[in-house]
Undergrad: 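Okay, handing you the structure first.
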Amino acid sequence: MPDGWTPLPKGFYHRHPTLVAPDLLNKILVRDDGRAARIVEVEAYAGQEDPAAHSFRGQTLRNATMFGPPGHLYVYFTYGMHWGSNAVCGNGMGVLLRAAEPLKGVDLMRACRVAAKRDRDLASGPGKLSQAFGITRELDGADLVLADRGVAIVSDGTRPPRKPVVGPRIGISKAMDFPWRWHVPDHEHVSVRAPRTLPPRTR
DNA sequence: GTCCCGATTCCCT
DNA sequence: GGGAATCGGGACC
């Protein structure tokens, strides 16, 4: 791992996902094969208090990892072909990693993402991010602090944005009014960017 | 750029 | 048996 990249403290994840989520912006997802990307978009899922969460109706085989200790990776499968990656906050809660800016190991990411036309298509969505990093079922439960299975989230000292963009979550059909999606403002690698506001007409 | 649609597997009801 | 924390391609503007 490059100099100055440091693991997050375990306690980082021991908070409500709506606090953890914005704090994860500008942190770095790393694998021990050299892949690294800056997290630029996240969503909070608040367990049994959140109708849109996989864990809303309690623990099942699929979501068991989210009920385990905070700071681990919860990996789920959906739409018959896509994987999603979350940081677990405990009690069925977690933060979905929605988009990241590739920093290192970009050739390997391109090899995993043959459909990507441009580098900003490599990890600009939860399924794309997981595919770029080769994250599947096998990494469900990996410890993101100890990196016991070669995946971690670290800091390079960059702070989260002072004023992240906050808005509704994407791809859900319940609790659509919860403004629990955060992203770095004006960032090229975000999955769905805010509609560009037109400059005022002069006439 | 926007909108629409089909793909394809698993888990839970 | 339904529907899913999505993606990419094609039509159209």
Side-chain angles (χ1 to χ4, degrees), chain A residues 13 16-18 20-22 24-25 29 37 39-68 70 72-100 102 109-141 144 153 165-183 186-199:
Chain A
Y13 300 98
H16 197 269
T18 54
V20 174
L24 278 172
L25 294 177
L29 180 66
I39 297 164
V40 296
E41 179 183 345
V42 292
E43 282 175 358
Y45 285 90
Q48 312 207 34
E49 60 185 78
D50 178 3
H54 290 161
S55 45
F56 181 55
R57 289 183 168 77
Q59 184 170 343
T60 65
L61 194 58
R62 181 202 206 193
N63 64 32
T65 299
M66 274 203 293
F67 288 87
H72 289 245
L73 188 67
Y74 163 55
V75 182
Y76 69 87
F77 180 73
T78 193
Y79 289 105
M81 61 190 98
H82 300 299
W83 298 95
S85 303
N86 303 254
V88 170
C89 298
N91 300 307
M93 303 194 269
V95 177
L96 173 64
L97 307 180
R98 281 199 57 93
M109 294 188 195
R110 288 195 195 104
C112 291
R113 293 269 310 123
V114 287
K117 296 189 176 58
R118 305 155 300 184
D119 281 1
R120 67 177 201 259
D121 302 321
L122 288 175
S124 54
K128 301 182 209 176
L129 182 155
S130 299
Q131 192 174 35
F133 273 84
I135 294 174
T136 65
R137 155 111 333 138
E138 301 147 34
L139 286 175
D140 183 45
L144 293 169
I153 295 176
V165 179
V166 191
R169 294 175 290 183
I170 293 182
I172 54 173
S173 56
K174 293 167 182 166
M176 315 209 8
D177 52 325
F178 292 23
W180 284 358
R181 170 180 178 247
W182 287 263
H183 67 81
D186 297 318
H187 202 289
E188 190 76 352
H189 294 258
V190 161
S191 70
V192 180
R193 286 189 273 166
R196 204 159 75 82
T197 48
L198 298 169

Undergrad: Write down the distance between CE (A:Met93) and P (C:dA5), rounded to a whole number of angstrom.
TA: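 In whole Å, C:dA5 P and A:Met93 CE are 18 Å from each other.
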Undergrad: What integer distance in Å separates A:Leu61:CG from B:dC10:C1'?
TA: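 In whole Å, B:dC10 C1' lies 11 Å from A:Leu61 CG.
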Undergrad: Please state how far atom OH in A:Tyr74 lies from atom P in B:dC11, giving the value in whole angstrom units.
TA: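 Going from A:Tyr74 (OH) to B:dC11 (P), I get 10 Å.
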Undergrad: Look at all strands and tell whether A:Arg62 reaches a base, only sugar-phosphate, or nothing, counting heavy atoms closer than 4.0 Å.
TA: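 Sugar-phosphate: the residue A:Arg62, judged by heavy atoms under 4.0 Å, touches backbone atoms but no base.
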Undergrad: How close or far is atom C1' of B:dC11 from atom CH2 of A:Trp83, stated in whole angstroms?
TA: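 Checked: the CH2 to C1' distance equals 12 Å.
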Undergrad: Indicate whether the side chain of A:Ser191 and that of A:Ser124 have a donor and an acceptor atom separated by less than 3.5 Å.
TA: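 The criterion, which ignores hydrogens and geometry beyond distance, is not satisfied for A:Ser124 and A:Ser191.
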Undergrad: For a quick check under 3.5 Å, do A:His54 and A:Tyr74 share a side-chain donor-acceptor pair by atom type?
TA: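 Present: a donor and an acceptor within the cut-off.
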Undergrad: Is the distance from OP1 or OP2 of C:dG9 to the nearest side-chain N or O of A:Lys117 less than 4.0 Å?
TA: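 Yes, within the criterion.
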Undergrad: Does A:Arg137 have a side-chain nitrogen or oxygen under 4.0 Å from the phosphate oxygens OP1 or OP2 of B:dC11?
TA: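 True: A:Arg137 side-chain N/O within range (under 4.0 Å) of B:dC11 OP1/OP2.
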Undergrad: State, without any angle test, whether A:Glu49 and A:His16 hold a side-chain donor-acceptor pair at a distance under 3.5 Å.
TA: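 Per modelled atom types, A:Glu49 and A:His16 side chains form a pair under 3.5 Å.
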Undergrad: Starting from the 5' end of DNA chain B, give me the residue, A:Met81 or A:Thr60, whose nearest nucleotide shows up first.
TA: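 Nearer the 5' end of the strand: A:Met81.
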Undergrad: Name the nucleic acid region contacted by A:Gly171, choosing base, sugar-phosphate or nothing; use a 4.0 angstrom heavy-atom cut-off, strictly under.
TA: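 Since only primed, P, OP1 and OP2 atoms lie under 4.0 Å of A:Gly171, the category is sugar-phosphate.
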Undergrad: Only one of A:Val88, A:Asn86, A:Val42 forms a side-chain contact (heavy atoms from CB on, under 4.5 Å) with A:Val95, so which one is it?
TA: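 Between A:Val95 and the candidates, side-chain contact (heavy atoms from CB on, under 4.5 Å) is satisfied uniquely by A:Val42.
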Undergrad: With a distance cut-off below 6.0 Å to the six-membered ring centre and an angular limit of 45° from the axis, does A:Arg169 pair with A:Tyr45 as a cation-pi contact?
TA: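 Geometry flag: set, cation within 6.0 Å and 45°.
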Undergrad: Salt bridge or not between A:Arg110 and A:Asp119? Use side-chain N to carboxylate O under 4.0 Å.
TA: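 Salt bridge flag = yes for A:Asp119 with A:Arg110.
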Undergrad: I need the OH-P distance between A:Tyr79 and C:dG3, as an integer number of Å.
TA: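 Atom OH in A:Tyr79 sits about 12 Å away from atom P in C:dG3.
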Undergrad: Between atom CG in A:Leu96 and atom C1' in C:dA4, what is the gap in whole Å?
TA: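 So the two atoms are 13 Å apart, to the nearest Å.
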Undergrad: Please report the distance, rounded to the nearest Å, between OH in A:Tyr76 and P in B:dC12.
TA: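 Between P of B:dC12 and OH of A:Tyr76: 15 Å.
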Undergrad: Would you say a side-chain N or O of A:Arg113 is under 4.0 Å from OP1 or OP2 of C:dG8?
TA: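 Result: yes.
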Undergrad: Between A:Gly94 and A:Asp121, which residue's closest nucleotide on DNA chain C lies nearer the 5′ terminus?
TA: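 That would be A:Gly94.
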Undergrad: Please name the nucleotide paired to B:dC4 by Watson-Crick or G-U wobble geometry with both distances under 3.5 Å, or report none.
TA: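 B:dC4 is paired with C:dG9.
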Undergrad: Where the side chain of A:His82 is defined as all heavy atoms beyond and including C-beta, which of C:dC7, B:dA7, C:dG8 is the nearest nucleotide?
TA: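 Among the listed nucleotides, the one closest to the side chain of A:His82 is C:dC7.
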Undergrad: Can you tell me if A:Thr78 touches the phosphate of C:dG3, counting only side-chain N or O atoms and a distance under 4.0 Å to OP1 or OP2?
TA: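 A:Thr78 to C:dG3 OP1/OP2: no side-chain N or O under 4.0 Å.
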Undergrad: Of the listed nucleotides (C:dA5, B:dG1, C:dG8), which one gets closest to any side-chain atom of A:Arg120?
TA: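 Nucleotide nearest to A:Arg120's side chain: B:dG1.
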Undergrad: Base, sugar-phosphate alone, or nothing: which one does A:Ala52 contact when heavy atoms must sit under 4.0 Å apart?
TA: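 Base contact - A:Ala52 has a heavy atom under 4.0 Å of at least one base atom.
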Undergrad: Have a look at A:Met176 and say if it touches a base, only the backbone sugar-phosphate, or nothing, with a 4.0 Å heavy-atom cut-off.
TA: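 Contact class for A:Met176: none.
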Undergrad: Check every atom of C:dA4, C:dT6, C:dG8 against the side chain of A:Ala115 and return the nucleotide holding the closest atom.
TA: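 Per side-chain heavy atoms of A:Ala115, the pick is C:dG8.
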Undergrad: Take the protein atom CZ of A:Arg57 and the nucleotide atom P of C:dA5, then report the distance between them rounded to whole Å.
TA: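 So the two atoms are 12 Å apart, to the nearest Å.
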